[in-house]
Amino acid sequence: MKSIAIAGSGFAGAVLAHELAQNGDYKIEVFEERNHLGGNAHTERDPSTGILLHAYGPHIFNTSREDVWNYVQKFGRFGAYTNRVKAHTARGVFSLPINLLTINQFFGKQFNPSEAQQFVSSLGDRSIVTPQNFEEQALKFVGRELYENFFYGYTKKQWGMEPSQLPASILQRLPIRFNYDDNYYATRFQGIPIEGYTKIVEKLLAHPRIRVHGGTAFARTDVSSFHHVFYSGSLDGYFNHQLGRLNYRSLVFVRGEAEGDFQGNPVVNYCDSSVPFTRRSEHKHFAPWESHDRTVWFTEYSKLAESGDTLYYPIRLSNDKALLRSYVALAESEPKVSFIGRLGTYRYLDMHVVIGESLDLAARILTLKGQPHLWPKFSGEPLPAETKARAA
Ligand code: UDP
């Protein structure tokens, strides 16, 4: 039986490992350098309060892909959960994403949906035809007042730069609604696993053909001993940053603990520039089916990732994209290694997208099982410099 190495036990690695072990003729060795499974989706019970903590910040599972939703249900029970976020702004606390309640309360109006739509469109900057960046995108669609109160400060803190330097695509993640729907996501399915994400990953990896090496980083020098390697660590990290560092944002969480209810909602975003943090998450509210007298919250600060920091968000500005292309070229010349997941492909991916991509990748590999030289170099959409030869 051929041996495949998978570096990283986040969803990208764990789903791929499970699928290849279950449906292929492979033995899988999973290398996880941290002392826990699950990557940044890792959850653990807080020893002092028993609250289930999302160790790397809020993870709310949502997807419109029915196959992905059904797939995760096989590995854990999900509690019904709808993400409703509140925005703390200089002018008060409002409902997010911007919806009819936000608009009516913020402007002191009683609009119906079509009035609100007309009103917001009258606020938009018509001189912007094709928005070139985040700021222009926001000004064009919601105008200066909403932009400054809800987006400017949060975005500047989150990304560490002026929103005018950021791609418009980041804002497209956030809907604006002209009804009272305050569900943060527009996806079909949503929930949070009752026993947490790490239990799901443990189940994915509990397979007779999978061996997990915890606390063990995958060594590049070991590639030759495997039939193929799937790497879910950072693409630049794999190559020891030899061409320079791709930029990521990292997060710092400051813990608070008290009796009772701290903020009355799982997540409150702090949109004002005058507050140094981006948001606060109170984790017992992610599990409304549990009851706890005490509470734990984390105040979240964003920073540029430096050597040794946990990587969270790829930045993907134009200089990062140029460097990314060089790393993609390097990856193309690295035989027997494919790159997967948020860090391996340097894309801003949510859990459900990563899971979907690993399912698709596994299916592709199983169809091309005798021809590992044709296995995709990257999971998901083709990266900028991916060769035509490979696609052919
Ligand atoms: N954003 C904002 N104000 C908010 C929430 C989000 O300006 O209150 C912007 C910000 O630039 C952020 C982007 O919208 O990076 C996407 O938000 P999302 O909630 O998807 O970010 P995530 O939950 O992945 O951190």
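Just follow the structure's listing: the first ligand is 1, and inside any ligand the first atom is 1.
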**Report entry** Sub-4.0 Å heavy-atom approach of Tyr184 to ligand 1
**Finding:** yes
Query raised in the report: In ligand 1, which numbered atoms sit nearer than 4.0 Å to a non-hydrogen atom of Cys271?
Result: 8 (O)
Report task. Write out the residue and atom name of the closest protein heavy atom to atom 20 (O) of ligand 1, then the distance separating them to 0.1 Å. Result -> Arg173 NE, 2.7 Å
**Report entry** NZ/NE/NH1/NH2 to OD/OE distance under 4.0 Å, Glu332 and Lys377
**Finding:** no
Requested in this report: Give the contacting part of Tyr154 toward ligand 1: side chain, backbone, both or neither, where contact means a heavy-atom distance below 4.0 Å.
Outcome: side chain
Query - Pair Asp293 + Lys284: basic N to acidic O under 4.0 Å - result: no
Query - Residue from Thr345, Val30, Ile340, Leu343 passing side-chain contact (heavy atoms from CB on, under 4.5 Å) with Ser232 - result: Ile340
Query raised in the report: Which ligand 1 atoms does Gln158 reach within 4.0 Å, using its non-hydrogen atoms?
Result: 15 (O), 25 (O)
Query - Thr155 neighbourhood, listing ligand 1 atoms whose heavy-atom distance to it stays under 4.0 Å - result: 2 (C), 7 (O), 9 (C), 10 (C), 11 (O)
Query raised in the report: At what distance is the nearest protein heavy atom to atom 6 (C) of ligand 1, and which residue and atom is it?
Result: Leu174 CD1, 3.4 Å
Query raised in the report: Which residue and non-hydrogen atom of the protein lie closest to atom 21 (O) of ligand 1, and at what distance in Å?
Result: Tyr348 OH, 3.0 Å
Query - Cationic N near anionic O, under 4.0 Å, Arg144 to Asp125 - result: no
Query raised in the report: Between Arg34 and Tyr56, is NZ or CZ placed under 6.0 angstrom from the six-membered ring centre and within 45° of the ring axis?
Result: yes
Query raised in the report: Can Arg77 and Glu195 be counted as an ion pair, charged N to O under 4.0 angstrom?
Result: no
Query raised in the report: Just going by heavy-atom distances, which of Lys157, Arg279, Glu300 is nearest to atom 23 (O) of ligand 1?
Result: Arg279
**Report entry** Side-chain donor-acceptor contact under 3.5 Å, Arg280 with Thr299
**Finding:** yes
Query - Main-chain N/O of Gly215 paired to Glu33 side chain as donor or acceptor, under 3.5 Å - result: no
Query raised in the report: Using 4.0 Å as the upper bound for N to carboxylate O, is an ion pair formed by Glu357 and Arg347?
Result: yes
Report task. Give the numbers and elements of all ligand 1 atoms closer than 4.0 Å to a heavy atom of Phe134. Result -> 11 (O)
Query raised in the report: So is there a nitrogen or oxygen of Phe150 less than 3.5 Å from a nitrogen or oxygen in ligand 1?
Result: yes
Query - Within 6.0 Å of CZ in Arg211, more than 12 heavy atoms from elsewhere - result: no
Report summary line: A student checking ligand 1 against Trp159 at a 4.0 Å heavy-atom cut-off should list atoms 11 (O), 15 (O)
Query - Nearest-contact summary for atom 25 (O) of ligand 1 - protein heavy atom, Å - result: Tyr313 OH, 2.7 Å
Report summary line: With heavy atoms and a 4.0 Å threshold, my read on which part of Leu96 contacts ligand 1 is side chain
**Report entry** Atoms in ligand 1 with a heavy atom of Phe151 nearer than 4.0 Å
**Finding:** 2 (C), 3 (N), 7 (O)
Requested in this report: Provide, to 0.1 Å, the distance between atom 13 (C) of ligand 1 and the closest protein heavy atom, together with that atom's residue and name.
Outcome: Ile170 CG2, 3.6 Å
Report summary line: ligand 1 to Asn269, heavy atom cutoff 4.0 Å, flagged ligand atoms 4 (C), 5 (C), 8 (O)
Report summary line: Given the options Phe277, Tyr301, Phe150, Tyr270 meets ring-ring contact (aromatic ring centres under 6.0 Å, His included) only with Phe277
Query raised in the report: Does ligand 1 have any atom sitting under 4.0 Å from a heavy atom of Ala87?
Result: no
